[in-house]
Chemist: 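Following this message is one structure expressed as structure tokens.
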Protein chains: 2
Amino acid sequence: MTGAVRPTSRDVARAAGVSQATVSLVLGGKWRGRVSERTASAVRATADELGYRPNLAARSLRLGRTRTALLVVPALTNEYFARLYSGAAGVAAEHGFGVVLYPSPEGVGPARDPFGSARAAIDGVIASSMAADALAGIGDVGRDGGLPLVMLDSDPSAPQGPPTVNLAVGDGIRQVTRHLLDLGHRRFAHLAADVDTWTFRVRAEAVAAELAGVPGAVLTSERCALDVAAARAAAGRALDGPGPRPTALLCDGDVLAAGACKAVRGLGLRVPDDVSVSGFDDLSLASALDPELTSVRLPAEEVGSAGMRALLELLDGGTPRPSELPVELVVRGSTARPARRRP
Amino acid sequence: MTGAVRPTSRDVARAAGVSQATVSLVLGGKWRGRVSERTASAVRATADELGYRPNLAARSLRLGRTRTALLVVPALTNEYFARLYSGAAGVAAEHGFGVVLYPSPEGVGPARDPFGSARAAIDGVIASSMAADALAGIGDVGRDGGLPLVMLDSDPSAPQGPPTVNLAVGDGIRQVTRHLLDLGHRRFAHLAADVDTWTFRVRAEAVAAELAGVPGAVLTSERCALDVAAARAAAGRALDGPGPRPTALLCDGDVLAAGACKAVRGLGLRVPDDVSVSGFDDLSLASALDPELTSVRLPAEEVGSAGMRALLELLDGGTPRPSELPVELVVRGSTARPARRRP
DNA sequence: CTGTTAGCGCTTTCAC
DNA sequence: GTGAAAGCGCTAACAG
């Protein structure tokens, strides 16, 4: 039980009877033909024995890079982002990179400076589903000479904007809408997330566009915060508004759909017999509800890994091309043919 | 649009016509009575103008501390851990610390080395709800001379173990059990998470202990993985087993309770009329379901902030006392008096 | 009040 | 094949 200070590479060198440079070479794995096999294994043995771990701060300082990426997400309450992280971390690990998660405290507002809170030194940033100006708080990100940036699930159309990796959310909404139309629905209400981000704007536009060409289709829309209670209230308004009652509630997310289901039942109606409800995201929540939600599955891991790959390319001086990943409609029990109107 | 290299404190010093030390003093906020007000503001102005940001790697190297803590959690799919993070990050920020999240990839298995993946240099570790040996993979953590460690929601009884901050999970289970007993239930099934951690062991023991003294009370138990489908299957077994059918399903978590509700309905029974179902954790899922779940609310933020405070005390050379935070039963629609047995 | 200096632990030429 | 030395950007003694 000695003082147990953390050994430095110098300590290892001394203990092994070699120079610090040799230790660095051996432990860095770049000693082929520069250090003898015997010396190398001796160094590894002593390093092991002393419990040596390189000082990351020193290494970063010397190399000028940290081999760490920051993943900025709007919230952690959603397993989509957990899967995003897995995908990104997997690819990162293959390249000797780490990923640090930074949940933007404001959810959709401007991110606070991660140098203040997730104060890790980082080489680049991956930001997902952020509001337009949400990265303003993060110094220099994406700007010329600033930190390299890749945006996920964000507006790809900015001319000089950062590289993007996107989901085909518009297509997802279109698939849901088609599915409901095919079932025979004509009176739709869109339960829209009241969040000013690209991903939700696209959804609203896609519903409207898809329904625009359908004779007899009517669409109302209610905006609400991204929680069950707000969704329930909004769905209540949609169902009890003036005009004929919608037979399909198309929701921007599974959480909203959960609220919508409660609203339907609150009015003494049934899902899906009286009103069909569709979700989006296909979280585990979609299968936890009864009936299970028809929803749109998002390839979260793939988005994460593609995002990380794009960032690595960026760090390599390349120019990653924007990409869009397909999404898939999952039909479950919450949607059905509309009931015949009773007299 | 010049080359735009990141300015160093030396660049700021040169531009402001002062020495590097003065810049450090001013920007470090410790110049009272050592640098003139005029010089100070001049330095700040140039730093601002050049867009200077201190190099954290250099600072860490110099100080020997990173002012960063690692928060190890078993999974991110759960908003409990999001709230834990908020609590910890809040206290950390007040002390100029950052928090880096590390989702242990294995969930409940041994954590992989965060120096490899979340490779941030850190001063200490807060680990929540981990299996006994789950931290073995993280070099040196908690060991003598190693990284300071605080455990949350973990066995506090180890004699030489790390400081702990715990939830009164046993008491929570006791409250649920009492609630169900008061409603008149006597035939219980415990839907237990098949995860070998302290928190779940305590739950199992608490149900058994509370029911042990009640005449006529019977308890069966089913173990299952922490997901809806597994819970549904397990609840099915509990409801359809030999012997009289339980009237109350006491679940180790809201996710399990969701599966249990589906199982009840799958048998043509109703919640809560035929079978009462209780959850635990009080996630937003509890209010998303219909009927809403009776559950136990956990003060996640407080656990996070208390954990961070304990770690700070540890870093200060102190010895934080183990603490236990109270939990609260939230009665909602999923529990009711048992139906009279029909002939 | 301000400047000079040393050194944190590491990697990387360059010389032997 | 191996060692010596320089320097990444920062802070904290110490001198002036």
Side-chain angles (χ1 to χ4, degrees), chain A residues 5-44 46-47 50-68 96 115 119-123 139-140, chain B residues 5-44 46-47 50-68 96 115 119-123 139-140:
Chain A
V5 247
R6 204 138 169 286
T8 73
S9 71
R10 208 145 104 179
D11 297 331
V12 176
R14 258 201 287 266
V18 299
S19 83
Q20 215 183 346
T22 308
V23 173
S24 176
L25 251 27
V26 170
L27 267 33
K30 38 186 78 166
W31 52 281
R32 308 277 119 174
R34 324 231 252 132
V35 176
S36 74
E37 179 63 67
R38 255 175 51 76
T39 324
S41 56
V43 166
R44 269 193 293 263
T46 17
L50 295 183
Y52 169 72
R53 316 188 122 277
N55 179 319
L56 259 23
R59 189 207 294 263
S60 297
L61 177 57
R62 178 69 239 249
L63 297 179
R65 300 157 306 136
T66 58
R67 298 192 85 75
T68 300
F115 300 101
R119 57 177 23 248
I122 55 184
D123 288 340
D140 276 358
Chain B
V5 247
R6 203 136 170 286
T8 72
S9 71
R10 208 146 102 180
D11 298 331
V12 176
R14 257 201 288 267
V18 298
S19 83
Q20 215 183 345
T22 309
V23 173
S24 176
L25 248 31
V26 171
L27 267 34
K30 40 186 75 165
W31 52 283
R32 309 275 117 172
R34 326 234 253 127
V35 177
S36 74
E37 178 66 64
R38 253 175 52 75
T39 326
S41 55
V43 166
R44 267 193 294 262
T46 19
L50 295 182
Y52 170 73
R53 314 188 122 280
N55 179 320
L56 292 172
R59 188 205 295 256
S60 297
L61 177 57
R62 178 68 241 248
L63 297 178
R65 299 157 304 134
T66 58
R67 300 193 83 75
T68 300
F115 300 100
R119 56 176 27 244
I122 53 183
D123 288 341
D140 276 357

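Below, each value reflects all heavy atoms present in this structure, side chains not excepted, and no hydrogens, waters or symmetry copies. Letters go in sequence order (proteins before strands), and every chain restarts at 1.
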Chemist: To the nearest 10 degrees, what angle separates the axes at the start and end of the helix from C:dC1-D:dG16 to C:dC16-D:dG1, five pairs each?
Modeler: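 What I find for the helix from C:dC1-D:dG16 to C:dC16-D:dG1 is an axis angle of 50°.
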Chemist: Could you check how far CZ of B:Arg53 sits from C1' of D:dC10, rounded to whole Å?
Modeler: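 Those two atoms, CZ and C1', are 16 Å apart.
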Chemist: Can you check the A:Arg59 CZ to D:dG9 P distance for me, whole Å?
Modeler: 18 Å
Chemist: Is the phosphate of D:dT2, meaning OP1 or OP2, less than 4.0 Å from a side-chain N or O of A:Thr39?
Modeler: yes
Chemist: What heavy-atom pair brings A:Pro54 and A:Arg6 nearest, and what distance separates the two atoms?
Modeler: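 That closest heavy-atom pairing would be O-NH2, 4.0 Å.
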Chemist: At their closest point, which heavy atom of A:Ser60 faces which heavy atom of B:Ala57, and how far apart are they?
Modeler: CB-CB, 3.7 Å
Chemist: Say you draw a straight line from CZ of A:Arg44 to OG1 of A:Thr39; how long is it, rounded to the nearest 0.5 Å?
Modeler: 10.5 Å
Chemist: For B:Ala42, is there any backbone N or O sitting under 3.5 Å from a side-chain donor or acceptor partner on B:Thr46?
Modeler: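 Looks like yes, one N/O pair under 3.5 Å.
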Chemist: Expressed as a whole number of angstroms, how long is the span from B:Lys30:NZ to D:dT11:C1'?
Modeler: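 Checked: the NZ to C1' distance equals 8 Å.
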Chemist: Look up atom OG in A:Ser9 and atom CG in A:Leu50, then write down how far apart they are to the nearest 0.5 Å.
Modeler: 11.5 Å
Chemist: Would you kindly give the CZ-to-P distance between B:Arg62 and D:dA12, to the nearest whole Å?
Modeler: 7 Å
Chemist: Which heavy-atom pair separates B:Gln20 from B:Ala13 by the least distance, and what is that distance?
Modeler: N-CB, 3.6 Å
Chemist: To the nearest Å, give me how far apart CD (A:Glu37) and P (D:dT2) are.
Modeler: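 After rounding, the reported distance stands at 11 Å.
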Chemist: Closest approach of A:Asp123 and A:Arg67, non-hydrogen atoms and distance?
Modeler: OD2-N, 2.6 Å
Chemist: Please give, in whole Å, the distance from D:dC10 P to B:Asp11 CG?
Modeler: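 In whole Å, D:dC10 P lies 9 Å from B:Asp11 CG.
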Chemist: With respect to the side chain of B:Pro54, which nucleotide from D:dC10, D:dG9, D:dT2 is positioned closest?
Modeler: D:dC10
Chemist: Expressed as a whole number of angstroms, how long is the span from B:Leu61:CG to D:dG9:C1'?
Modeler: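 One finds 9 Å between C1' of D:dG9 and CG of B:Leu61, rounded.
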Chemist: What are the bounds, 5' to 3', of the part of DNA chain C that sits under 4.0 Å from heavy atoms of chain A?
Modeler: C:dG9 to C:dT12
Chemist: Does anything in residues 10-33 of chain A form a salt bridge (Lys or Arg N to Asp or Glu O under 4.0 Å)? List the pairs, not counting sequence neighbours.
Modeler: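 Every pair satisfying salt bridge (Lys or Arg N to Asp or Glu O under 4.0 Å) with a residue in residues 10-33 of chain A: A:Asp11-A:Arg14.
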Chemist: Which of residues 14-28 of chain B have a heavy atom under 4.0 Å from DNA chain D?
Modeler: B:Gln20, B:Ala21, B:Ser24
Chemist: If I take atom CD1 from residue B:Ile122 and atom OG1 from residue B:Thr68, how far apart are they, to the nearest 0.5 angstrom?
Modeler: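 It comes to 8.5 Å.
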Chemist: Report the residues that fulfil side chain to side chain contact (heavy atoms under 4.5 Å, CB included) with A:Ala47, sequence neighbours left out, ordered by chain and then residue number.
Modeler: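 Side chain to side chain contact (heavy atoms under 4.5 Å, CB included) check on A:Ala47 returns A:Val12, A:Leu27, A:Tyr52.
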Chemist: Sequence neighbours left out, what passes side chain to side chain contact (heavy atoms under 4.5 Å, CB included) with A:Ala58? Give chain and number order.
Modeler: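 Partners of A:Ala58 by the side chain to side chain contact (heavy atoms under 4.5 Å, CB included) criterion, ordered by chain and then number, come out as A:Asn55, B:Leu61.
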